[in-house]
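Report on the structure given below.
These values consider heavy atoms only, across backbone and side chains, with no hydrogens, waters or symmetry-generated copies. When a ligand or atom number is given, it counts from 1 through the structure's own listing order. If you're wondering where the values come from, they're calculated on a predicted model, not measured in any experiment.
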Amino acid sequence: MSDSAQDLPGIVVTGASGRMGQMLIETIAASDKARLVGAVERSGHAWVGQDIGAAMGGADMGIVVTDDALEAFAKAQAVIDFTAPAATVEFAALAAQARAVHVIGTTGMSAEDLAALGRAAHHAVIVRAGNMSLGVNLLTQLTKKVAAALDDDYDIEIIESHHNRKVDAPSGTALMLGEAAAEGRGVSLEAVSDRGRDGITGARKRGDIGFVAVRGGDIIGEHDVLFAGTGERITLRHVASDRSVFARGALKAALWGQGKKPGEYDMLDVLGL
Ligand SMILES: NC(=O)C1=CN([C@@H]2O[C@H](COP(=O)(O)OP(=O)(O)OC[C@H]3O[C@@H](n4cnc5c(N)ncnc54)[C@H](O)[C@@H]3O)[C@@H](O)[C@H]2O)C=CC1
Ligand SMILES: O=C(O)C1=N[C@H](C(=O)O)C[C@H](O)C1
């Protein structure tokens, strides 16, 4: 590696064997703005101890997959983490200890998990978003605007579709869009959120924001925000056709976070939206 490449911010990817983990490793390896310095998987995973390039079915990359997150983070300027809530909470404390920027794509976090991230952010930069793509983050702003322009005569429904391996619902993106719609209407999402209808639910409550989750096949991620009025409907829609949109956003966030003050940030900060 040349001297100048050595100077690039070093990035560790957690959940290295996952759908997003592998996409992130490919994205960082192809970047001339960052270098991969570590790949972390959970203890007992078959890839631990193997070269990440070979484990992914390609040439060696000179990075051995480890289950020792702290040791890996100590060599890094940023950690990109698309794993699971319990793992992400643990990684937040370790990333703060290593003073590495922690970019979090993990969704399905509970209120307690988020509080733990808030504590870690006293000591480190955390950039977290339920969706790291430019398109979705732009869509949140459009959603807020449309929700502010239309009153409760327009029922808001958020319809999200994902692959059959997804474990959380509503998706992190659907919740971001719900928050944006609620903000546009000047209400708290918690107060108006309507999830998981089943049975005799009664008629729809005016002002509610409904969520619908579709799971099937290999759908990467599709989100519709429907504003249904009397005699007309508006739909705002985002379709992800390639996971690289999330990986590119996460890498951008890791670079943006360098030298920032400790605290919690999101992709709107990164993208300047
Ligand atoms: N914010 C965004 O833009 C996006 C967020 N996601 C979210 O990212 C997360 C991961 O998604 P996928 O890659 O599809 O899932 P996946 O199941 O393919 O990958 C998760 C990986 O994390 C690993 N893992 C779990 N616990 C671990 C631990 N303690 N230490 C190290 N590794 C651990 C698993 O072994 C697995 O390899 C989900 O929460 C998903 O919703 C996914 C795509 C985009
Ligand atoms: O699990 C996924 O795959 C995705 N998760 C994120 C979410 O929960 O919104 C982002 C994207 O839609 C893909």
#### Entry: Non-neighbouring partners of F82 that pass ring pair (Phe, Tyr, Trp, His ring centres under 6.0 Å), sequence neighbours left out
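Result, ring pair (Phe, Tyr, Trp, His ring centres under 6.0 Å) vs F82: none returned.
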Nearest protein heavy atom to [atom], by residue and atom, and its distance?
atom	answer
atom 20 (C) of ligand 1	F82 O, 3.9 Å
atom 3 (O) of ligand 1	M132 N, 2.8 Å
atom 19 (O) of ligand 1	G18 CA, 3.3 Å
atom 29 (N) of ligand 1	A87 CB, 3.4 Å
atom 7 (C) of ligand 1	G105 O, 3.5 Å
atom 36 (C) of ligand 1	E41 OE2, 3.6 Å
atom 30 (N) of ligand 1	F91 CZ, 3.3 Å
atom 21 (C) of ligand 1	G15 CA, 3.8 Å

Exercise for review: May I ask whether atom 11 (O) of ligand 1 is less than 4.0 Å from at least one protein heavy atom?
Suggested key: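 Protein heavy atom within 4.0 Å of atom 11 (O) of ligand 1: absent.
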N/O separation below 3.5 Å, [X] to ligand 1:
X	answer
M20	yes
F246	no
K166	yes

*Give a yes or no on whether the ring-centroid distance for H223 and H162 is below 6.0 angstrom.*
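Distance test on ring centres: under 6.0 Å, yes.
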Lys/Arg N to Asp/Glu carboxylate O, [X] vs [Y], below 4.0 Å:
X	Y	answer
K166	D168	yes
E160	R215	yes
R204	D194	no
D152	R185	yes

So, [X] side chain and [Y] main chain: donor-acceptor pair closer than 3.5 Å or not?
X	Y	result
R35	L8	yes
H122	R119	yes
N131	G172	no
T140	N137	yes
D60	G62	no

* Asked: How would you list, by chain and number, the residues with a heavy atom under 4.0 angstrom from ligand 2?
  ->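 If the criterion is a heavy atom under 4.0 Å, then ligand 2 touches T107, G130, N131, H162, H163, K166, S171, G172, T173, I220, H223, F246.
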Exercise for the section: Tell me whether L236 is reachable from L134 by hopping between hydrophobic residues (I, L, V, M, F, W, Y) whose side-chain heavy atoms are closer than 4.5 Å. Expected result: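 As far as the 4.5 Å side-chain criterion goes, L236 and L134 are not connected within one cluster.
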Quick one: does [X] get within less than 4.0 Å of ligand 1, heavy atoms only?
X	result
G108	no
A129	yes
T14	no

ask   = Which pair of heavy atoms, one from D269 and one from Y265, lies closest together, and at what distance?
value =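 Result for this residue pair: OD2-CA, 3.3 Å.
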### Query
Which heavy atom of R197 sits nearest a heavy atom of G210, and at what distance?
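So the two residues come closest at NH2-CA, 3.6 Å.
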Could you work out, for [atom], the closest of [options] by heavy-atom distance?
atom	options	result
atom 9 (C) of ligand 1	T83, T107, T88, V167	T83
atom 14 (O) of ligand 1	R19, M267, M109	R19
atom 28 (C) of ligand 1	R165, R128, R42, Q22	R42

Table please: side-chain donor-acceptor pairs of residues 254-263 below 3.5 Å, with sequence neighbours left out.
| residue | atom | partner | partner atom | Å |
| --- | --- | --- | --- | --- |
| Q258 | NE2 | Q77 | O | 3.3 |
| Q258 | NE2 | A254 | O | 2.9 |
| K260 | NZ | W256 | O | 3.1 |

Run the numbers for me: atoms of ligand 1, each under 4.0 Å from some heavy atom of S17, listed by number.
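Close to S17: 37 (O).
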* Asked: Just which atoms of ligand 1 are under 4.0 Å from any heavy atom in T106?
  ->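 It comes down to these atoms of ligand 1: 39 (O).
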query: Under a single-linkage rule joining Ile, Leu, Val, Met, Phe, Trp and Tyr whose side-chain heavy atoms are separated by less than 4.5 Å, which residues share a cluster with M23?
result: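 Its cluster partners, ordered by chain and number, are none at all.
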